Number of protein chains: 2
Amino acid sequence: MESDRLSATFSALADPTRRAILARLLLGECSVGELAQPFEMTMPAVSKHLRVLERAGLIAQRRDAQWRRCRIQPGPLKEVSDWTERYRQVWEERLDRLDDYVQQLNAKERKTHGRKQRSK
Amino acid sequence: MESDRLSATFSALADPTRRAILARLLLGECSVGELAQPFEMTMPAVSKHLRVLERAGLIAQRRDAQWRRCRIQPGPLKEVSDWTERYRQVWEERLDRLDDYVQQLNAKERKTHGRKQRSK
DNA sequence: TGGTTAATTAACCTAATGGTTTTATACAAT
DNA sequence: ATTGTATAAAACCATTAGGTTAATTAACCA
């Protein structure tokens, strides 16, 4: 099992069913039965998915009469966002470099026009 | 195996070794041996982690003489960022509601001062 | 008190993950 | 040509993940 929280979070998010559950919970609190309804799997399977989300801190449950209402929890989502932010430079920088590369190509084209190009 | 790309990405990120590798690659391109050096595991294990990152599109490898240089790739990181953004409201809204709650408590405190409080 | 509804837990199965050791490949250096 | 170095692939193993069915718990209803 995942030792650290961020691993548990990413692991929980690495399943389309669980991401769909989170998307549903974005619309508001919801019972387990309502959450299960769109899926072609048994209740225990959904229940297990909820346990995974809960253990990662992505959702919380409360009892309401015979139902368990689930709601989304902010903490781990924020942590994912923060982690990802540290890589923002990767995709922004990359686009810059693509610009540079295009400009280099253009410059080279002007200088070496008609000369043999270094292959690959 | 993960059907969709986002699942493959989250799954690849759900391991501290692989996240450490990405963090290292943030500093620049790097050979497999250099990547492996900080870890207490065999080269084939690291090689497998690289395969997981590569299949998710998070890194790319190129041959350079006897080495394989790895570099980080922007696409999937951007996708994670975009996915996460749709949940930003969750943690911002939540903080707002915490504000509301605190204000409610204060209001109540003024009104019911000296009365019996609901336990817990 | 007994039955129904909502959900979880237990027990089980199969496939995937993360590691190992051993074998193979590709290039460099001599 | 041979040896060394960098890395991957194959075969294997233990654990985890995601599903199932069957049994259990908890609350409401009558």
Side-chain angles (χ1 to χ4, degrees), chain A residues 1-22 24-25 28-71 76 119-120, chain B residues 1-22 24-25 28-71 76:
Chain A
M1 201 130 297
E2 303 84 14
S3 34
D4 61 303
R5 166 126 170 203
L6 198 49
S7 294
T9 302
F10 278 128
S11 184
L13 296 178
D15 181 287
T17 302
R18 289 194 290 262
R19 289 199 305 278
I21 288 173
L22 284 183
R24 171 63 188 80
L25 289 179
E29 209 178 42
C30 184
S31 76
V32 174
E34 288 170 312
L35 283 177
Q37 189 259 317
F39 302 107
E40 285 189 333
M41 65 179 75
T42 60
M43 284 282 294
V46 173
S47 209
K48 275 193 178 184
H49 282 304
L50 293 178
R51 217 87 291 121
V52 172
L53 290 167
E54 192 176 38
R55 292 200 46 206
L58 283 160
I59 67 166
Q61 280 187 323
R62 67 182 179 88
R63 183 119 219 174
D64 173 20
Q66 63 258 228
W67 299 279
R68 318 259 177 131
R69 306 270 181 211
C70 303
R71 62 185 183 285
S119 69
K120 193 116 209 277
Chain B
M1 201 132 294
E2 303 83 14
S3 34
D4 61 305
R5 165 124 171 206
L6 198 48
S7 295
T9 302
F10 277 128
S11 184
L13 297 178
D15 182 287
T17 302
R18 290 193 290 262
R19 289 198 305 276
I21 288 173
L22 284 183
R24 171 63 189 78
L25 290 178
E29 209 179 42
C30 183
S31 76
V32 175
E34 288 170 311
L35 283 177
Q37 190 258 317
F39 302 107
E40 286 188 333
M41 66 179 74
T42 59
M43 285 281 296
V46 172
S47 210
K48 276 193 178 186
H49 281 303
L50 293 177
R51 218 85 295 120
V52 173
L53 289 167
E54 192 175 39
R55 291 201 47 207
L58 282 160
I59 68 167
Q61 279 187 324
R62 67 183 180 88
R63 182 119 220 176
D64 172 20
Q66 64 260 223
W67 298 280
R68 318 260 177 130
R69 305 272 180 210
C70 304
R71 62 185 184 285

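Here is how names work: the chains are called A, B, and so on, in the same order as the sequence lines, proteins then strands, and each is numbered from 1. Only a predicted model underlies this, so the values are computations on that prediction, with no experimental measurement involved.
Per the geometry, CG belonging to D15(A) stands 18 Å off P belonging to dT16(D), to the nearest Å. Whole-Å rounding puts the Q66(B) CD to dT25(C) P distance at 19 Å. In this structure, W67(A) places its CH2 atom 18 Å from P of dA26(D), rounding to the nearest Å. The nearest whole Å value for the distance from the NZ atom in K48(A) to the P atom in dA7(C) is 18 Å. In this structure, CZ of R63(B) is placed 7 Å from C1' of dT7(D), rounded to the nearest angstrom. Taking atom CG of L50(A) as the reference point, atom C1' of dG18(D) lies 14 Å away to the nearest angstrom. In this structure, R55(B) places its CZ atom 8 Å from P of dT17(C), rounding to the nearest Å. The distance between atom CE of M43(B) and atom P of dT7(D), rounded to the nearest whole Å, is 5 Å.
A65(A) comes within 4.0 angstrom of the backbone, heavy atoms only, and of no base. Within 4.0 Å (heavy atoms only), E2(A) reaches sugar-phosphate atoms of the nucleic acid but no base atom. Contacts of R69(A) with the nucleic acid, taken as non-hydrogen atoms under 4.0 Å apart, are absent. Contacts of S31(A) with the nucleic acid, taken as non-hydrogen atoms under 4.0 Å apart, involve only primed sugar atoms and P, OP1 or OP2. T17(A) comes within 4.0 angstrom of nothing in the nucleic acid, heavy atoms only.
In this structure, of dA8(D), dT9(C), dT21(C), it is dT21(C) that holds the atom nearest to the side chain of T42(B).
Taking CD of Q61(B) as the reference point, atom OG of S47(B) lies at 7.0 Å (rounded to 0.5 Å). Within the model, atoms CG of D4(A) and CG of D15(B) stand 8.5 Å from one another, a figure rounded to the nearest 0.5 Å. With rounding to the nearest 0.5 Å, the separation of CZ in R19(B) from CG in L13(B) is 7.5 Å.
A close approach under 4.0 Å does occur between a side-chain nitrogen or oxygen of R18(A) and OP1 or OP2 of dG18(D). Contact between the side-chain N/O atoms of S47(A) and the OP1/OP2 oxygens of dA7(C) is not found at any separation under 4.0 Å. In this structure, Q61(B) does not reach the dT7(D) phosphate: none of its side-chain N or O atoms is under 4.0 Å from OP1 or OP2.
Each of P44(A) and R68(A) has a nearest nucleotide on DNA chain D; the 5'-most of these lies closest to P44(A).
Side-chain atoms of R24(B) do not come within 3.5 Å of backbone N or O of L35(B) as any donor-acceptor pair.
At most 12 non-hydrogen atoms from other residues, nucleotides or ligands lie less than 6.0 angstrom from CD of Q37(B).
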